[in-house]
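Accompanying notes for the structure given below.
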Amino acid sequence: MGTIYIDGKPYEADPQNNLLHVCLSLGFDLPYFCWHPALNSVGACRQCAIKQFKGEQDKKGKLVMACMTPASPDTRISLLDPDAVAFRAGIIEGMMLSHPHDCPVCDEGGECHLQDMTVMTGHDYRRAEFQKRTFRNQDLGPFLNHEMNRCIQCYRCVRFYRQYAGGKDLNAFSINNTVYFGRNEDGVLENEFAGNLVEVCPTGVFTDRTLKQHYTRKWDLRMAPSVCGHCGVGCNVTLGERYSLLRRVVNRFNSEVNGYFLCDRGRFAYEFVNSPNRIRTPQLDGEAISGEAAEWEFQNLTSSRDRLIGIGSPRASLEANFALRQLVGADRFFAGVESKEWTLITTMIDILKRGPARSPALNEIEHSDAVLILGEDVTNSAPRMALSLRQSVRQQPMEIAKKLQVPLWMDDAVREVVQDQRGPFFISAPFATRLDDIAAITYRAAPDDAARLGFAVAHEIDANAPPVPGLHEKMRAMARVIADALKKAKRPLVVSGPSCRSLAVVESAANVAKALCGFSQPAMLGLLTPECNSFGLALLGAHALDEAVALTGKDATVIVLENDLYRRLPLEKADALLGSAARVIVLEHLSNTTSARASLLLPAATIAESDGTLVSNEGRAQRYFSVFPHQAEVRESWRWLRKPQWSSLDDVLSDLAKEVPQLAAVVNAAPSSKFRVDGAKVPREPHRASGRTAMTANLTVVEPKPPVDPDSALSYTMEGAPLQPPGALQPFFWSPGWNSIQSVNKFQSEIGASLRTGDPGVRLIKPSGKGEYFTQIPSHFVRREREWLVIPIEHIFGTEELSQHAPAIATLAFKPYLALNASDAGSLGLANEGEELEIELGGAKHRLPAKILPDLPAGVAGIPNGLDFAFGEVFPTWRRIERVS
Amino acid sequence: MAQEKPLTEAIPLDGQALSLRGYEQAGGYQGLRRALREMTPQAVQEEVKKAGLRGRGGAGFPTGMKWSFVPMGSDVPRPKYVIANADEMEPGTFKDRYLMEGNPHQLIEGLILAAYATQADVAFIFIRGEYRLAQERLARAIAEAHTAGYLGKNILKSDFALEMILHVSAGRYMCGEETGLLNALEGKRANPRSKPPFPPVAGLWGKPTTVNNVETLVNVPHIIAKGFTWYQGLSRSKDYGTKIYGASGKVKRPGLWELPMGTTIREILEEHAGGMREGLRFRGVLPGGASTDFLVEEHLDVPMDFLEVQKAGSRLGTGTMIVLDDRTCPVGMTSNLIHFFAQESCGWCTPCWSGLNWAKQILAAMEAGRGKPVDIDKLSFQTKFLAPGNTFCALAPGAAEPLQSALKYFREDFERHIREQRCPWK
Amino acid sequence: MLTVAEREEIEAELARYPTKEAVCIDAMKIVQRHRGWVSDESVRDIAELLEMSPADLDGVSTFYNLIFRKPVGRHVVMVCNSVSCWILGYEKMREHLTKRLEIEFGETTADNRFTLLPIVCLGACDHAPAMLVDNELHTDLGPDRIDQVLEAYK
Ligand SMILES: Cc1cc2nc3c(=O)[nH]c(=O)nc-3n(C[C@H](O)[C@H](O)[C@H](O)COP(=O)(O)O)c2cc1C
Ligand code: SF4
Ligand code: FES
């Protein structure tokens, strides 16, 4: 730390930072555009100009860009200097030469960084008289709207998209005041993180196209802190609702988890909540009944003599699962997950609890300096984690910049000195993944071989780790290279997960992590989970779903919680489980095959309409809060299932903490419903929300009583404490003068660092021992004659169940295919991609168009995970494949 | 004593290029021989430093000092690069083309010496796409130099090796800015790069790189062959050596002349360029290309060297002058200049892409008879707005120079345009 | 599809640079030499050969003014519009050319013989006004000279 002087007053500042970072951290309002806390400085927009003085005697000073100037000790600067003030207003004036005056019809209006900065600089009078330049806009696909006339050429979009997210199909074209930011031709943006452009763009060039379908002014949105439920990573999101429609999702900053960015699945899946497939009224044997009748019926059915079988869900909250478990008893509570997957999940939890390696938060992943991925296509199975992994390869080369004394925040300069040097990054997956471009080694292997590589690496690191029998010299050499790189690293990371459906793969990853921990630095072990609460359910404890089949019978009532068993079990098993029961009670929010079998169907609240806790793959318990006030007959699942003595979520949580000690900390994931800031609740609506008295004026002139929320410390209206609540309760980021998402600056302890009131979430899993080496090493994969080992392939769009009900995502969902490598395809006499292949799946023969995945190992075939007729298949599985002639 | 013209005296008058043989007969490649035989790289740097050679590309940075920033020794990043900046796109500038077309080997030798002094492994000549003839002649000369053992492995039987590549660009003024040039050479958009790191530390593909102007480089063989004392003696001023001066516009004999550094504007314009054309009077001059401030009659006796021109309120720049006469509209000329800069702005930093575009529109409207009194304020605001340091690179501040000086010296012409709502010269 | 000749010429350039990307401008110029301009299809083909994305390459192609992304006539006339030529009669020259060729800047004559474009200073300021026809420099231009010069390009 050193002292710097800002307009004559001394402040403490970290010389490692730049002056913009320092000024914003100190709470000054200094405008900027091209700088972004995650993208650092390039000095393009010149908006952050300040005066710098050589010493106390220097009265004249010189304009410098704050973002490009280090906060060296004794730096003297002025933000208020008239030259600097005039220059900053001049920059806005320059941008406004070409920016249309369309704020009243612009989707960004009211949440626009450019608007904020314009007001901040005081530029309020148009001196220019000439025509503005105009552009043709592009169709960029279902997620983003493009309005290039609004562009101010800050280059943030291409910097984020290309440099940060690794995208290739967005660029800057042409020069001077007509630089065009778009694709080289119309088309869907290919990068899985394109949606972040909505927030990265400081004005209305890239806006949310799904929001546009049901647009509402941003200040009119009721907002709530939530957690993304569409994969296991647990990104923090903010939901926005108005008139009982979920309007959009934006990123909610959490320095340890998702930072500033989301993936496109997480951002655009929200529309499932508005789906016409929603179950909104209770039904008894297909007839709609009232909520009260349903409650009565439920009581009736569950208090009878029948045996109760409870089937939980890895996509339902801990509270709902716990409520069901309490109702049916631990012995008859089932995970709602088939046994192979359940074994994988419980093994992973076990590894993390007993082993020495810690599961990393995304922020730690980003800062890891050597990575080995075993058996995962992370971009498709845990997308946001892939974005963090992509940053990790920058860690080691940063040392070059340090040596040349290039400050690490000077983004372009760092990239120049680093060039295309990357830190060690290794991927073993059965097929090409979207992170291959940054990998030093990619090894395409069948699951068994990927595991063998992992075991071999572990053995190279630690001779006590079991050796791999019959190891090929080539693989040993590769293992040695990987082992050496991991050993040299300060923060090595191993990533694996269940996508290959291979216990050996996960165990081999555990061995590598354990070997590294023994070697020197503590290694991290990132294990993906298939769903948003897989780990929560596992920590709660449950039996594998298959076991329920044996238990069902004429005297059994099966209660299914937010789960479509037909996605989990082979058809005949699911039919047996549900069909032989006396009664089936289903709590669900979207109609599906299981809900169609319900004798009593209870409309369950989605994540947007309920409060609850999810445990991410990091082992972090995070609370989400409803954004909708109570919705007709729709209720939180835990409410349908509740014990009479539970009146609010707090009661469920306190029982949960008592009953399940390893989940005790869950209570601390967020403050309880009793919590108050200065005696008041935290408002879900911003102060700027308008039209409250008019919202229902077409029905009544009496303003309805504001809805109450018994379950949380949040109020549904704008009434409440204007102060910053604890991070977990932060419904939105807004600060006077900062209407855009950039206002998060005002909530952080320091720019880019944790929220001042703490980042949300509590970690439940701590490594507690040394673990054991796994010793079951599979033998080398051997292909079979005329049979293929069929593996599932994850897709960011199409694999996950709920997101497919969002229309924008549905348009991008995978089309069915059967993938083979080129020579295997040739051996079947296939001439072209798209020709039909026949395969037996789920007990019937199906025809699928062939897809050539050049890198797929010989003898391995792939089908997209999420193909409806393949539900219930336990992968990997050997199958004959024939060409349809 | 007859004036020495080391850079140009050997250039044939018939428009042909000096051959390799002709160059050698005129003393060519002697500097290289001397350097390889008896000088260490540091000694070459030292000689150039003592000679006081300053860059002829516009900024006047001391060449020897630039070379000394390149990390030397066995454990530095490699390959190291040297680049001849032959982009010459500054309006009014035509000296490098003449030097390359007339005596390509002189540039090649200069570049080899620069490479030797910085122990570079690869040399590029970055030449603009329109210079077709210079490209052909350089390509041939590079091949000849290879055959003759001046390039390749074991140059002149020493253990110094160098590859030389002619890179033909595809247009844009920004490619002449040295970091924009690096991006262009790497096949990217020619936006400038942040400095630091400076190219001698991290340049082309992140490796140490020296960029020098063509005219700068052609001085080097002579300095090495004949020594710094001789070189200093060529000049009439504290900036040493000779300078290729040029003049265009409505002078009697537009052209280029190699003269002692420090020759006055008057001497160049009156003696060498033959004065103004019949019936025209001198009104002003851009002394060093389009991005320098106008000088006027009172400055005619200013010696054309770095220091004196700066004292007079302008820059030596490229040393090629553009003369404004009394029948040419100063507003129109400024408008033409700003149009150029606005068009060539790379589009990276706001003041440049927006400010120059605005100034361009204001000036065009003024010329077309639609000027307003406030326009002058708006234009002078722009000149301050585009001051050095306010923009990312030197393009926009360069553009501001002719504008600010035109407003100063020809203000009445601007006001008249506005008053009369027309261009009085049309 | 790139022709064999184009491909060979591009591949010959690859040996001179450490990255494929560095050859992209040369590659576009090679294609332009063969076909007069660089079409969308050529952008895709070159990008593929150099392992770039079409957007990468087009970001570059649209930066530089000597890469033509639209078809041009058999001969490209580029008229210097910078300051020295302007002083010495660029406007008149432009008027003469547009009248004679019956096209404006950026257009191609009906017979596809000429495309007319402006260009920045050609470094021929001592012989202004100047223009370039297919990379050949013509200087000291007046209306008669211009007519004479154009005659030579069929
Ligand atoms: C916009 C711009 C264009 C430039 N164009 C050229 C050029 O065409 N040729 C040149 O030698 N220097 C040019 N320069 C100067 C170079 O950046 C650099 O200073 C020069 O090549 C260094 O060589 P020197 O030290 O030998 O003068 C330009 C600078 C700017 C800002
Ligand atoms: S001043 Fe700015 S926009 Fe202009 S050329 Fe330089 S970097 Fe580009
Ligand atoms: S924010 Fe500093 S120059 Fe853009």
Side-chain angles (χ1 to χ4, degrees), chain A residues 44 133 135-136 138-141 144 146 148 151 153 155-163 165-192 194 197 206 412 415-422 432 434 436-439 442 854, chain C residues 1-2 14 16-25 27-29 31-32 35 37-72 78 80-83 104-107 115 117-121:
Chain A
R133 49 128 179 78
F135 293 110
R136 183 188 156 272
Q138 291 181 324
D139 182 344
L140 299 176
L144 292 175
H146 192 221
M148 253 309 290
C151 178
Q153 296 189 203
Y155 289 83
R156 261 195 200 176
C157 56
V158 286
R159 290 178 55 225
F160 168 76
Y161 193 90
R162 298 168 64 85
Q163 298 179 337
K168 293 225 150 253
D169 60 325
L170 184 85
N171 207 356
F173 304 96
S174 188
I175 70 164
N176 58 45
N177 69 325
T178 58
V179 178
Y180 186 90
F181 297 86
R183 297 185 84 250
N184 70 311
E185 56 189 13
D186 285 37
V188 182
L189 283 168
E190 288 162 9
N191 192 270
E192 295 80 1
L197 294 178
F206 298 99
D412 275 3
R415 282 175 203 279
E416 273 330 319
V417 301
V418 164
Q419 295 284 308
D420 51 8
Q421 299 183 66
R422 296 187 204 100
R434 300 277 277 162
D436 286 5
D437 60 317
I438 56 167
T442 52
Chain C
M1 269 254 291
L2 297 177
L14 286 172
R16 313 197 320 158
Y17 297 87
T19 65
K20 291 196 168 180
E21 184 185 19
V23 172
C24 75
I25 296 170
M28 289 190 283
K29 285 200 300 199
V31 168
Q32 185 161 300
R35 309 178 186 211
W37 66 296
V38 182
S39 67
D40 289 353
E41 189 200 340
S42 298
V43 165
R44 282 194 292 272
D45 294 342
I46 297 169
E48 192 188 335
L49 182 65
L50 300 180
E51 291 166 19
M52 300 168 73
S53 73
D56 286 343
L57 188 64
D58 233 6
V60 177
S61 81
T62 54
F63 190 96
Y64 297 93
N65 57 306
L66 296 183
I67 307 288
F68 304 144
R69 287 288 277 107
K70 288 192 183 130
V72 291
M78 299 208 264
C80 173
N81 66 358
S82 290
V83 61
E104 291 299 322
F105 274 158
E107 295 177 353
T115 296
L117 293 170
I119 188 94
V120 299
C121 179

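For the numbers below, each heavy atom of this structure counts, side chains included, while hydrogens, waters and symmetry mates do not. Proteins get letters first, then strands, A, B, ... in listed order; numbering begins at 1 in each. Bear in mind that the values here come from a model prediction, so they are computed numbers and not experimental data.
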Is A:Asp186 salt-bridged to A:Arg136, going by a charged N under 4.0 Å from an acidic O?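 Yes.
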So which atom in A:Thr442 and which in A:Ala439 form the shortest heavy-atom distance, rounded to 0.1 Å?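 Where A:Thr442 meets A:Ala439 most closely, the heavy atoms are CG2-CB, 3.7 Å.
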Go through the structure and list residues passing side chain to side chain donor-acceptor pair (under 3.5 Å) with A:Glu192, not counting sequence neighbours.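 Counting only residues at least two positions away or on another chain, A:Glu192 forms a side chain to side chain donor-acceptor pair (under 3.5 Å) with A:Arg434.
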Under the side chain to side chain donor-acceptor pair (under 3.5 Å) test, which residues partner A:Asn171, sequence neighbours left out?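 None.
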A:Asp169: which residues meet the salt bridge (Lys or Arg N to Asp or Glu O under 4.0 Å) condition with it, sequence neighbours left out?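 With neighbours one apart ignored, the set is A:Arg183.
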Which portion of C:Arg44 sits near chain A, non-hydrogen atoms under 4.5 angstrom: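 The answer is the side chain of C:Arg44.
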Which of residues 47-59 of chain C get closer than 4.5 angstrom to chain A, counting heavy atoms alone?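 Only C:Ser53, C:Pro54, C:Ala55, C:Asp56, C:Asp58, C:Gly59 of residues 47-59 of chain C have a heavy atom under 4.5 Å from chain A.
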is_close_aromatic(A:His146, A:Phe135), centroid dist under 6.0 Å: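 No, ring centres 6.0 Å or more apart.
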